[in-house]
K.L.:
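Below is the structure I would like to discuss, written out as structure tokens.
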Amino acid sequence: MTQHASPPRDSADTLAPAGRTPAWRGPWARADVRTLSLLGVLAALVVIGGVTKPDEFLDTRNLQLVLTQASVIGVVTVGMTFVITSGGIDLSVGAIVALASVWATTVATQEYGFGGILFTAVLVGLGCGLVNGLLIAYGGMVPFIATLAMLASARGLALQITDGRTQIVTVDGVLSLGERDSYVLGVPPLVLVFALVTVLGWLVLNRTTFGRRTVAVGGNAEAARLAGIDVRRQRLYLYLLSGLCCGIAAFLLIVLSGSGQNTNGNLYELDAIAAAIIGGTLLSGGRGTITGSVLGVLIFTTITNIFALNNLQSDVQQIAKGAIIVAAVLVQRRTASTT
């Protein structure tokens with residue numbers, strides 16, 4: 001009787017049970033499709049900008065401006081991606097950026113020069129993140145409520161510090177970073193910082209135990225606890241990370257604007273959440289992508305730039321952003337239902 005040899009178990013062509021996607025193919029294929037889709041949207045926007053305003057949009061200075069503007073909200077979005085991946089939310093990021101920027105630009109702080117401004121911005125961001133983390137991880141507060149309270153408190157404190165006035169930066173070392181003479185091979189320093197934060201964020205989320213714990217907590221916090229993960233400490237660290245990103249973003253915004261204002265960071269929380277969502281990070285937690293979030297930031301920043309160059313109303317711009325967010329959420333739900 002003739003016997004047929006069975007295929008090796010480690011072969012990539014091993015048959016999966018009927019009706020089930022092979023394990024090696026599903027997640028990676030979905031990730032590739034999401035990334036390619038986002039790149040396609042970004043490419044389409046570049047084409048639209050090039051067709052509608054070819055001289056202005058494709059100008060080197062304008063492209064540098066787009067990347068520079070994306071850098072500030074992009075750093076915030078990296079921190080937000082970690083928080084959302086863990087199943088949390090942070091509504092206070094914009095207010096923390098505002099508080100850090102005004103605290104770091106007071107007359108007393110500027111007396112310590114470049115290092116004083118940078119140190120203060122980062123320290124304020126970490127301090128706010130610590131408060132959020134303690135309230136959520138050890139105080140048992142819902143992230144939505146805790147960060148909403150921080151939003152109101154930080155905005156109020158920023159207004160109290162400035163008394164509603166703009167604080168002008170006079171430190172040459174800070175102001176020089178925003179000048180063209182400081183560009184490295186035509187790349188603004190702020191963009192280099194954004195790129196560094198993005199690379200570090202990607203490595204931490206995808207190549208470290210911290211990243212795996214973050215995904216585990218977002219996927220199933222109780223199962224993560226039973227597996228030996230200190231869920232409360234992990235959540236504390238994540239909000240500290242978000243606060244750190246806000247502090248860095250506040251310093252970048254100080255360099256970009258040359259001032260500190262209590263209105264800085266307005267609606268950053270919505271932009272960061274939206275960028276993370278359309279990038280493929282699940283609002284329910286358990287899945288996050290730094291690459292997708294960065295592409296989401298670039299898409300929204302490019303849309304804003306195109307609308308500004310074409311003198312279109314901001315309300316139309318907001319409608320376009322809202323439509324993109326709804327479409328991204330619908331795609332997420334469809335993807336989740338087929339897995």
Side-chain angles (χ1 to χ4, degrees), residues 29-54 56-58 62-63 65-81 83-85 87-91 93-94 97 144 147-148 151 194 198 265-339:
R30 289 193 298 273
D32 289 341
V33 169
R34 284 194 301 268
T35 302
L36 291 175
S37 299
L38 291 171
L39 287 173
V41 172
L42 184 58
L45 290 173
V46 171
V47 171
I48 292 173
V51 170
T52 57
K53 291 288 182 178
E56 294 91 341
F57 181 79
L58 297 178
N62 183 65
L63 296 178
L65 176 62
V66 171
L67 291 176
T68 301
Q69 292 175 337
S71 298
V72 180
I73 185 62
V75 171
V76 175
T77 303
V78 170
M80 182 69 78
T81 301
V83 171
I84 296 178
T85 301
I89 198 74
D90 191 347
L91 301 179
V93 291
V97 169
F144 183 92
T147 57
L148 184 62
L151 183 156
F194 176 36
T198 298
N266 188 36
L267 297 181
Y268 273 19
E269 56 277 357
L270 299 183
D271 289 341
I273 293 171
I277 291 174
I278 71 169
T281 300
L282 287 180
L283 267 177
S284 57
R287 189 183 76 199
T289 163
I290 298 295
T291 302
S293 295
V294 170
L295 289 174
V297 170
L298 293 175
I299 287 172
F300 280 137
T301 308
T302 304
I303 290 175
T304 301
N305 184 259
I306 292 174
F307 273 68
L309 291 177
N310 287 276
N311 297 317
L312 297 176
Q313 298 295 325
S314 59
D315 53 352
V316 180
Q317 173 184 326
Q318 297 302 322
I319 293 173
K321 286 185 177 181
I324 293 175
I325 295 171
V326 170
V329 172
L330 290 176
V331 170
Q332 279 192 5
R333 293 186 61 182
R334 181 175 178 83
T335 302
S337 64
T338 59
T339 57

K.L.:
Looking only at heavy atoms, what is the nearest atom pair of Ser293 and Thr281, with distance?
P.N.:
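It is OG-OG1, 3.8 Å.
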
K.L.:
To the nearest 0.5 angstrom, please state how far the CD1 atom of Ile277 sits from the CG atom of Leu283.
P.N.:
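So the gap between those two atoms works out to 4.0 Å.
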
K.L.:
Can you tell which of Val294, Leu45, Leu39 makes a side chain to side chain contact (heavy atoms under 4.5 Å, CB included) with Ile299?
P.N.:
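Result for side chain to side chain contact (heavy atoms under 4.5 Å, CB included) with Ile299: Leu45.
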
K.L.:
Counting only N and O atoms by type, is there a donor-acceptor contact under 3.5 Å from the side chain of Thr147 to the main-chain atoms of Asp90?
P.N.:
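No, the answer is negative, given that no donor and acceptor are paired below the 3.5 Å cut-off.
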
K.L.:
Distance check, rounded to the nearest 0.5 Å: Leu282 atom CG versus Ile84 atom CD1?
P.N.:
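The CG atom of Leu282 sits 10.0 Å away from the CD1 atom of Ile84.
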
K.L.:
Working to the nearest 0.5 angstrom, can you tell me the gap between Phe57 CZ and Thr302 OG1?
P.N.:
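Phe57 CZ to Thr302 OG1: 5.5 Å, rounded to 0.5 Å.
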
K.L.:
Is any side-chain heavy atom of Asn62 closer than 4.5 Å to a side-chain heavy atom of Val66?
P.N.:
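A side-chain contact under 4.5 Å exists here.
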
K.L.:
Identify the residue among Ile303, Val47, Leu298 that makes a side chain to side chain contact (heavy atoms under 4.5 Å, CB included) with Leu42.
P.N.:
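By the side chain to side chain contact (heavy atoms under 4.5 Å, CB included) criterion, Leu42 pairs with just one of Ile303, Val47, Leu298: Leu298.
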
K.L.:
Are the side chains of Asn305 and Thr301 in touch, meaning some heavy atoms are under 4.5 Å apart?
P.N.:
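Side chain of Asn305 against side chain of Thr301, heavy atoms only: no contact under 4.5 Å found.
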
K.L.:
Ignoring hydrogens, what is the shortest heavy-atom contact between Ile278 and Gly296? Give both atom names and the distance.
P.N.:
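Closest approach of Ile278 to Gly296: CD1-CA, 3.5 Å.
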
K.L.:
State, to 0.1 Å, how close Leu309 and Lys53 come at their nearest heavy-atom pair, and which atoms those are.
P.N.:
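That would be O-CE, 3.3 Å.
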
K.L.:
For Thr77 and Ala276, work out which heavy atoms get closest and say how close.
P.N.:
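So the two residues come closest at CG2-N, 4.3 Å.
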
K.L.:
Nearest heavy-atom pair of Ile73 and Tyr268: which atoms, and what distance?
P.N.:
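Of all heavy-atom pairs spanning Ile73 and Tyr268, the closest is CD1-O, 3.5 Å.
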
